[in-house]
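To keep things clear, I will list the structure first and then write my remarks on it.
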Number of protein chains: 2
Amino acid sequence: MEKNFVVGVDVGGQTSKLGIVDSNGILVASDVIRSDTYGTDAAAFIKALAEAIKALIKKADKEGQIRGIGVGAPNGNHLDGTIAFAPNLAWAANGVVEFKKLLTAALNLPVDITNDANAAAVGEMEYGNAKGMKNFIMITLGTGVGSGIVIDGKIVYGHDGFAGELGHTRAVRENGRLCGCGLSGCLEAYCSAKAVERTAREWLELSDEDSLLRKIEKIDAKDVFVAAEAGDKLAKRVFDFTGTMLGRSLADFIAFSAPEAIVLFGGLTNSRKYLEGPIVKAMNDNVLPIWKNKVKLLFSKFSGSEAAIIGASALAWHIQD
Amino acid sequence: MEKNFVVGVDVGGQTSKLGIVDSNGILVASDVIRSDTYGTDAAAFIKALAEAIKALIKKADKEGQIRGIGVGAPNGNHLDGTIAFAPNLAWAANGVVEFKKLLTAALNLPVDITNDANAAAVGEMEYGNAKGMKNFIMITLGTGVGSGIVIDGKIVYGHDGFAGELGHTRAVRENGRLCGCGLSGCLEAYCSAKAVERTAREWLELSDEDSLLRKIEKIDAKDVFVAAEAGDKLAKRVFDFTGTMLGRSLADFIAFSAPEAIVLFGGLTNSRKYLEGPIVKAMNDNVLPIWKNKVKLLFSKFSGSEAAIIGASALAWHIQD
């Protein structure tokens, strides 16, 4: 029987999403399981995940038609197949989990694993707006800022499997905001969804400027978007600032790998209408003349909770075992 | 007859150096020709270069034993074989020269071309301190700051052939020094040999501090080294500053490609004893915990005028035509 389907798994702190995807990137069946009810017992989680995958394949009548399993997970390491020291996963927070080995054994199917941002990049290259591109950089703008770098058609893993941590390059060098990673001035501290909230809060505290956001007790990035839509000037400036900070850093990334495009992905791209202009301007203001107005800024084809499953699934088309 | 030798050419603004190199990276014969006596006539320069290469091969009795020619040149583009808009080469300053095509035709031997920093990286991987490494970044510290990035054993050329311009990433984001490229705050404006001179001059002007450098009319980087060797405090602080600025930027480069090592090359590495400590400290202070004290800082095996010939020659072992 031809194996024309793959399974994608998006491992998250609270839940893990799984789905069966066809060669066009269409999700044909999906399910969700809890990730946070296994304490520190990684084997128990992997067993539950394997059972859920088997059940989904059976329910969708795709037995014998699955090419392999692609997994996107925090700190997922393609080179050694592990998830190691991932703070948001209780069963992988304090050690190294042989995730690929255990899941392969449980399912008797080939498994590949990488981090969420790399999975998103592979998905975009396989089914999305980077289809056919050999050189691009995916930036994921969610709770944090992640990245997946594609050079010559392949994800860059580096010497240790951890390449592509562009969210933890310096956006501000002097007196920068403290980042969750312990460093200061990281891009993630200025351009994630959480950073948008932080910028809004800081600016509200620093001035008496009138703003719709003053009425909101716990501001999130969506509130800032809604306020901007209602004409709120401070909210619009928050996006101007966020886009400018991102564009400046993108210019440095271009000098590294001379990509054909930068692709943005993740929840914050819902505010594209306010971010795109400032990003493009700052990016082009900070690159060498050879790249001015030459590198495309694209937005992912995928959004919402399906995106991560579809991205992870794309890994499975390329497993060489 | 076995082809166990390659030719390396280092094209510079005033002179071009050429040499025959064996498989161990040993220079067995060399010559120098002028680059600046042909006006805007690129064909005339290439003809003269081809004649010099033929004469050198004959003189060294290596006819029929040459695998190919590797050329390192400012703005040399591996992907399309051209030298384009290179300000320091009169015959390539205002247009695109089909260098590879013309030299191949003149010699009837395979030719590859890239920029100086990429050539240095290939040389280091082939014969030098990065031998056997699949992932490293070469930083050249000369008049400017260049870079050659190796990922999975291959030079990164990017979408357009111009990848690896790390000298023009932002070392300082606000009110940075104007760089020769037109941007502000570039790494090159802080960590090249010229930048060392600039730092020394600026600091002498800004204070009345006693320094041996005050006696020198036109300070160059070597003067700063000599002063430091004589115990001059200001000169030592210039190297501290230069090394710290470089180390901070290296940390960002590590987040991109997770290299096994960073290799430094070029004239400024003669001041290694003053630069190494500050570079290593700043680099490790600015990386994520996963990379702290894990990425090696190495210095090139090669120095002096032979280094660029040997680096360029290494390209010729890998020409696939």
Side-chain angles (χ1 to χ4, degrees), chain A residues 75 77 79 84-85 133-137 147 149-152 154-174 176 179 181-187 245 248-249 251-261 285-292 294-296, chain B residues 75 77 79 84-85 133-137 147 149-152 154-174 176 179 181-187 245 248-249 251-261 285-292 294-296:
Chain A
N75 289 15
N77 188 321
L79 294 189
F85 302 101
M133 284 191 193
K134 295 281 185 195
N135 293 280
F136 71 97
I137 298 175
S147 62
I149 302 162
V150 174
I151 291 178
D152 269 347
K154 280 186 264 180
I155 290 281
V156 175
Y157 290 110
H159 180 57
D160 56 13
F162 293 117
E165 285 289 351
L166 299 182
H168 300 284
T169 56
R170 229 59 35 233
V172 171
R173 293 210 182 268
E174 313 297 339
C179 180
C181 73
L183 296 171
S184 291
C186 289
L187 184 61
M245 296 300 280
R248 297 183 344 166
S249 286
D252 283 352
F253 306 157
I254 291 170
F256 199 102
S257 68
E260 179 175 358
D285 282 351
N286 285 281
V287 286
L288 288 174
I290 44 170
W291 292 308
K292 224 169 264 286
K294 290 204 177 141
V295 181
K296 297 168 204 148
Chain B
N75 289 13
N77 188 322
L79 293 189
F85 302 101
M133 283 189 194
K134 296 280 183 193
N135 294 279
F136 70 96
I137 298 175
S147 61
I149 302 163
V150 173
I151 290 178
D152 268 349
K154 280 187 266 180
I155 289 281
V156 175
Y157 291 110
H159 180 57
D160 56 12
F162 294 117
E165 285 288 352
L166 300 182
H168 300 284
T169 56
R170 228 62 33 235
V172 171
R173 293 211 181 267
E174 312 296 339
C179 179
C181 73
L183 296 172
S184 292
C186 289
L187 183 62
M245 296 300 280
R248 296 184 343 167
S249 285
D252 283 352
F253 307 157
I254 291 169
F256 200 101
S257 68
E260 180 176 357
D285 282 351
N286 285 282
V287 288
L288 288 175
I290 43 171
W291 292 308
K292 222 169 265 285
K294 290 205 177 142
V295 181
K296 298 167 204 148

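Chain letters run A, B, ... following the sequence lines, proteins first, then strands; residues in each count from 1.
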For a 4.5 angstrom cut-off between non-hydrogen side-chain atoms, does A:Leu288 reach B:Leu183? yes

Polar side-chain atom of B:Arg170 near backbone of A:Asn286 as donor-acceptor pair, under 3.5 Å: yes

Inter-residue atom distance A:Arg173.CZ - B:Glu174.CD, 0.5 Å rounding: 11.5 Å

Where does A:Ile254 contact chain B at under 4.5 Å (heavy atoms): side chain, backbone, both or neither? neither

Under 4.5 Å to a heavy atom of chain B? For A:Tyr157 that would be backbone

Among B:Gly167, B:Ala163, B:Ala251, B:Cys186, which residue has the highest count of heavy-atom pairs closer than 4.5 Å to chain A? B:Ala163

Can you tell if the side chain of B:Asp252 reaches within under 4.5 Å of the side chain of A:Phe256, non-hydrogen atoms only? no

Name the member of A:Lys294, A:Glu165, A:Lys154 that forms the most heavy-atom pairs with chain B at distances under 4.5 Å. A:Glu165

When only pairs under 4.5 Å are counted, which of B:Val156, B:Asp152, B:Ile290, B:Leu166 shares the most heavy-atom pairs with chain A? B:Leu166

Answer key: most heavy-atom pairs under 4.5 Å with chain A among B:Pro259, B:Ala171, B:Gly182 is B:Ala171

NE2 of B:His159 to CH2 of A:Trp291, rounded to nearest 0.5 Å, is 12.5 Å

So, for B:Ala255 and A:Thr169, which heavy atoms are closest and what is the spacing to 0.1 Å? CB-CG2, 3.8 Å

Given a strict heavy-atom distance threshold of 4.5 Å, which part of B:Ser249 is in contact with chain A: side chain, backbone, both, or neither? both

Leading residue by heavy atom contact count with chain B [cutoff under 4.5 Å; candidates A:Asp285, A:Asp160, A:Val295]: A:Asp160

First locate atom CD1 of A:Ile151, then atom CD1 of B:Ile149, and finally report the distance between them rounded to the nearest 0.5 Å. 7.0 Å

Of the listed A:Ile137, A:Val172, A:Val287, the one with the largest count of heavy-atom pairs under 4.5 Å with chain B is A:Val287

